[in-house]
Protein chains: 2
Amino acid sequence: MNTRAANVAVSEPARTIDALITPALLLDRGRLERNIQGLAERARKFGVALRPHMKTAKSIDVARCAFHREPGPITVSTIAEAEYFAGHGFRDITYAVGISPASARRAMELCRRTGADVKLLLDSVGHAAGQAALREATGMTPSVFIELDCDDHRGGLKPDDPKLLEVANRVVEKGANLVGVLAHAGESYALSTPDALVKAAENERSASLRAAETLRAHGHACPIISLGSTPTAHFASNLDGVTELRAGVYMFFDLVQHGVGVCAIDAVAISVLATVIGSKPKKGWVLVDAGWMALSRDRGTANQQIDQGYGVVCDEKGRVLEDVIVAQASQEHGILAIRAGSGKSMPELPLGSRVRILPNHACAMAAQHDFYSVVNGDSPKIEARWERMRGW
Amino acid sequence: MNTRAANVAVSEPARTIDALITPALLLDRGRLERNIQGLAERARKFGVALRPHMKTAKSIDVARCAFHREPGPITVSTIAEAEYFAGHGFRDITYAVGISPASARRAMELCRRTGADVKLLLDSVGHAAGQAALREATGMTPSVFIELDCDDHRGGLKPDDPKLLEVANRVVEKGANLVGVLAHAGESYALSTPDALVKAAENERSASLRAAETLRAHGHACPIISLGSTPTAHFASNLDGVTELRAGVYMFFDLVQHGVGVCAIDAVAISVLATVIGSKPKKGWVLVDAGWMALSRDRGTANQQIDQGYGVVCDEKGRVLEDVIVAQASQEHGILAIRAGSGKSMPELPLGSRVRILPNHACAMAAQHDFYSVVNGDSPKIEARWERMRGW
């Protein structure tokens with residue numbers, strides 16, 4: 001037992017990280033603000049709007065950091081996010097996942113209730129045809145993006161697909177409002193060199209412009225050209241013709257983005273605070289009370305040049321412990337060990353001492369927690385407790 | 001759009017699964033009850049107590065299914081679980097994760113407040129020495145298990161480790177109450193034949209008894225011999241000397257347990273209901289609105305004989321669609337495809353139609369959701385909505 005325990009009270013929020021029950025999610029405000037500012041400056045430089053994706057942070061307090069004066073344009077991945085942010089005054093919302101009938105209906109009800117403009121995404125004639133029923137059922141005119149597939153990643157139409165025009169025509173015919181095209185260079189996450197990233201960004205841009213040109217040549221105004229992923233948003237060298245950038249994980253960054261080459265490791269703004277609960281000296285293991293329930297099961301660095309296990313381990317102040325990773329994770333146990341092939345030996349981590357664990361994937365780690373304990377740098381002070389939303 | 005949308009209201013709980021916003025977690029009550037009864041009967045047959053691990057279900061309603069008359073003995077993996085279940089009347093609680101100072105303190109405060117007996121777990125002299133401070137700080141006498149390592153899985157002392165006796169002596173010397181030894185055959189998850197599972201169960205038992213004999217020979221009563229994992233609990237052929245079994249995932253079962261050989265696929269009691277939101281016919285892909293946020297990132301079947309991707313796909317009534325799996329998952333997208341090497345072709349899954357996805361790992365899938373929509377068999381009726389707890 002150490003004296004930390006004396007500070008723990010069930011009913012009172014902790015004032016320092018020493019008093020937190022572990023595992024606990026920490027958010028470094030300084031890093032968050034620098035990350036937000038970095039991409040905001042890039043967008044300003046290129047003269048494009050930035051529409052942050054709130055699926056990573058899922059927090060009004062984080063959103064407020066991104067918008068100093070008034071709620072700006074945002075992206076969401078669930079209707080529950082749209083409802084949450086609309087409830088906090090956001091009005092210009094892109095729901096960047098192909099719509100299901102029930103979610104589209106709920107989105108329109110949200111628009112009616114709050115005056116928000118929730119823009120929907122679709123990529124097929126069937127989807128487009130459904131807009132008439134949606135309009136009839138809700139009395140609202142849906143705003144619709146056509147989803148583009150620029151790199152064989154997931155959904156969307158290829159920019160040269162003849163269906164593109166057919167879908168656009170059908171959207172208009174069914175009384176919806178075609179607001180533009182939307183692309184996401186999801187395959188950029190698998191890259192790791194600046195050249196390849198610049199190319200991926202240019203491909204995302206040119207695919208989107210090609211699609212928009214086709215639509216414009218046939219009388220569709222297509223005012224918005226929306227594209228983005230955290231890697232391409234940071235590596236684009238030309239955004240001519242693009243009207244807005246979307247990115248989400250850039251606010252927090254993570255080890256995957258570090259592996260791609262998008263950020264320094266000391267830009268990673270969230271971590272899980274964990275306590276040492278045991279050791280197996282013969283195996284070189286130290287056990288902590290953060291398993292996959294706290295870290296997530298994400299293994300996004302497994303196929304990168306450096307496999308970070310379930311996360312990189314830092315000391316209690318956030319300084320990286322070189323080559324110490326979470327080698328294994330069960331539900332509430334993490335096993336810390338030295339990375340295979342490293343010449344290093346395990347640092348002294350006595351029972352009851354604490355570490356911070358950086359995420360492979362910030363969206364996944366944050367999703368395992370209900371709130372952020374906001375800190376700044378190596379200070380143990382908790383400046384605030386910011387709630388997260390979840391669910392669908 | 002289809003007519004399902006007409007039933008969706010934000011404020012009213014859905015009465016049928018048609019009216020659920022997807023993705024949504026379903027729990028089949030019939031399967032749950034059969035799974036619970038199956039292991040309860042085994043425990044009765046062997047004359048041992050069953051102490052279900054509530055880390056999988058995290059729900060008082062599920063716990064009530066396991067205990068018909070009054071709250072019985074349970075296992076938990078976090079102090080928040082202990083507090084939640086104690087708040088619902090459970091008193092005999094084993095906290096089966098090595099303690100951190102802050103959590104041990106909170107456990108003792110819970111005992112004082114509610115009269116619960118929360119038993120702690122430790123495996124080192126340092127841990128044992130901390131019991132005096134814990135007792136002094138809280139005025140409570142901790143009940144303590146010594147954790148055994150029977151199969152090189154994680155924490156715990158080997159039954160033949162000379163430290164075993166040293167730890168036991170120290171526990172008693174520091175004024176704590178040594179209640180017994182606890183083992184978990186975690187490596188049994190990697191097995192797949194009945195013979196190997198029977199052997200793993202016997203190894204778990206004999207290791208625990210060996211440790212208990214050492215302790216008893218030196219004057220420690222060691223009344224409880226607690227062991228278990230879902231696989232060994234179902235395959236043990238001899239439990240002589242054992243006083244209680246622990247298991248958690250058996251209530252729901254999952255594809256990992258199916259791969260180990262513990263359950264039939266139609267015993268898996270939870271699934272995620274998802275809606276088709278697109279397709280890529282040339283690639284044989286169908287896109288649904290359940291990604292890793294709904295399914296979890298767990299890939300526990302990746303190293304089994306049959307890799308189930310991110311889950312096995314069933315039709316809306318829960319009938320397995322042969323060889324259809326979730327091949328890829330991003331945050332809110334799942335990509336359904338035919339398993340590689342299968343001769344089958346993709347069944348017709350039109351836009352807006354629905355599927356149920358079975359979990360690789362029930363603990364991980366359930367953790368992504370705030371409640372269960374309780375169904376029974378292939379009926380669309382939602383019998384109840386059961387909340388889940390989470391956090392630490």
Side-chain angles (χ1 to χ4, degrees), chain A residues 1-2 4-6 8 10 20-24 55 77-79 83 97-106 109 123-124 126-127 130 133-134 137 154-155 186 275 277-280 287 289 292-294 296-299 330-333 335 350-352 363-364 367-370 390-392, chain B residues 1-2 4-6 8 10 20-24 55 77-79 83 97-106 109 123-124 126-127 130 133-134 137 154-155 186 275 277-280 287 289 292-294 296-299 330-333 335 350-352 363-364 367-370 390-392:
Chain A
M1 301 292 104
N2 65 20
R4 284 178 189 127
V8 175
V10 176
L20 284 173
I21 285 283
T22 53
K55 79 185 177 77
S77 68
T78 67
I79 282 299
E83 290 171 346
V97 175
I99 46 174
S100 77
S103 295
R105 165 77 180 254
R106 214 163 91 175
E109 284 165 357
D123 69 352
S124 70
H127 256 141
L134 182 60
R154 205 162 52 195
T275 303
I277 57 168
S279 66
K280 290 269 185 173
L287 277 71
D289 61 359
W292 57 253
M293 187 65 84
S296 93
R297 263 287 187 213
D298 196 280
R299 289 284 289 106
S330 42
Q331 186 159 337
E332 299 290 351
H333 296 82
I335 298 180
L351 206 63
C363 309
Q368 301 301 103
H369 299 264
D370 286 332
R390 72 194 298 253
W392 292 274
Chain B
M1 301 292 104
N2 66 19
R4 283 179 189 127
V8 174
V10 176
L20 284 172
I21 284 283
T22 53
K55 79 185 177 76
S77 68
T78 68
I79 283 300
E83 291 171 345
V97 175
I99 46 175
S100 77
S103 296
R105 165 76 181 254
R106 214 164 90 175
E109 284 165 356
D123 69 352
S124 71
H127 257 141
L134 182 60
R154 204 163 54 195
T275 303
I277 57 169
S279 66
K280 290 268 185 174
L287 276 71
D289 61 358
W292 57 254
M293 188 65 85
S296 93
R297 264 284 187 214
D298 196 281
R299 289 284 289 106
S330 43
Q331 186 160 337
E332 300 290 350
H333 296 82
I335 297 180
L351 206 63
C363 309
Q368 301 302 102
H369 299 264
D370 285 332
R390 72 193 298 252
W392 292 274

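Chain identifiers are assigned alphabetically (A, B, ...) following the order of the sequence lines, protein sequences preceding nucleic acid strands; residue numbering begins at 1 within each chain. Computed from heavy atoms alone, side chains included, the values below leave out hydrogens, waters and symmetry copies. Note that this is a predicted model, so its numbers are computed, not measured.
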**Student:** Of the non-hydrogen atoms in B:Ile277 and A:His127, which two are nearest, and what is the gap between them?
**Tutor:** O-CE1, 2.8 Å
**Student:** What residue in B:Gly98, B:Ala137, B:Ser124, B:Ser103 has the most heavy-atom pairs under 4.5 Å with chain A?
**Tutor:** B:Gly98
**Student:** Just so I understand: if I count every heavy-atom pair under 4.5 Å between each of B:Ser279, B:Gly391, B:Ala364 and chain A, which residue has the most?
**Tutor:**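 Among the listed options, the one with the most contacts to chain A is B:Ala364.
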**Student:** Considering only heavy atoms and a distance below 4.5 Å, find which of A:Ile335, A:Ile79, A:Val97 pairs most often with chain B.
**Tutor:** A:Val97
**Student:** Considering only heavy atoms, which portion of B:Asp289 lies under 4.5 Å from any heavy atom of chain A: side chain, backbone, both, or neither?
**Tutor:** side chain
**Student:** Flag the pair A:Glu83 / A:Arg106 as yes when at least one side-chain heavy-atom distance between them is below 4.5 Å, and no otherwise.
**Tutor:** yes
**Student:** Find the one option among B:Ser296, B:Pro23, B:Gly278 whose heavy-atom pairs under 4.5 Å with chain A are most numerous.
**Tutor:**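 With the most close heavy-atom pairs to chain A, the winner is B:Pro23.
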**Student:** Taking ring-ring contact (aromatic ring centres under 6.0 Å, His included) as the test, write out the residues that go with B:His369, two or more places apart.
**Tutor:** A:Trp392
**Student:** Dump the intermediate steps for side chain to side chain donor-acceptor pair (under 3.5 Å) on B:Thr275 and B:Thr22, then the final yes or no.
**Tutor:** CA-CA 6 Å; B:Thr275 303; B:Thr22 53; 2.6 Å; yes
**Student:** Taking only residues two or more places apart in sequence, or in another chain, which ones meet A:Arg390 in a side-chain contact (heavy atoms from CB on, under 4.5 Å)?
**Tutor:** A:Asp370, B:Asp370, B:Arg390
**Student:** If I measure from the heavy atoms of chain B, does A:Ala24 come under 4.5 Å with its side chain, its backbone, both, or neither?
**Tutor:**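 Neither part.
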**Student:** Counting only N and O atoms by type, is there a donor-acceptor contact under 3.5 Å from the side chain of A:Gln368 to the main-chain atoms of A:Met293?
**Tutor:**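 Yes.
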**Student:** Can you tell which part of A:Lys55 gets under 4.5 Å to a heavy atom of chain B, answering side chain, backbone, both or neither?
**Tutor:** both
**Student:** Which atoms of A:Gln331 are under 4.5 Å from chain B, going by heavy atoms: the side chain, the backbone, both sets, or neither?
**Tutor:**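 Side chain only.
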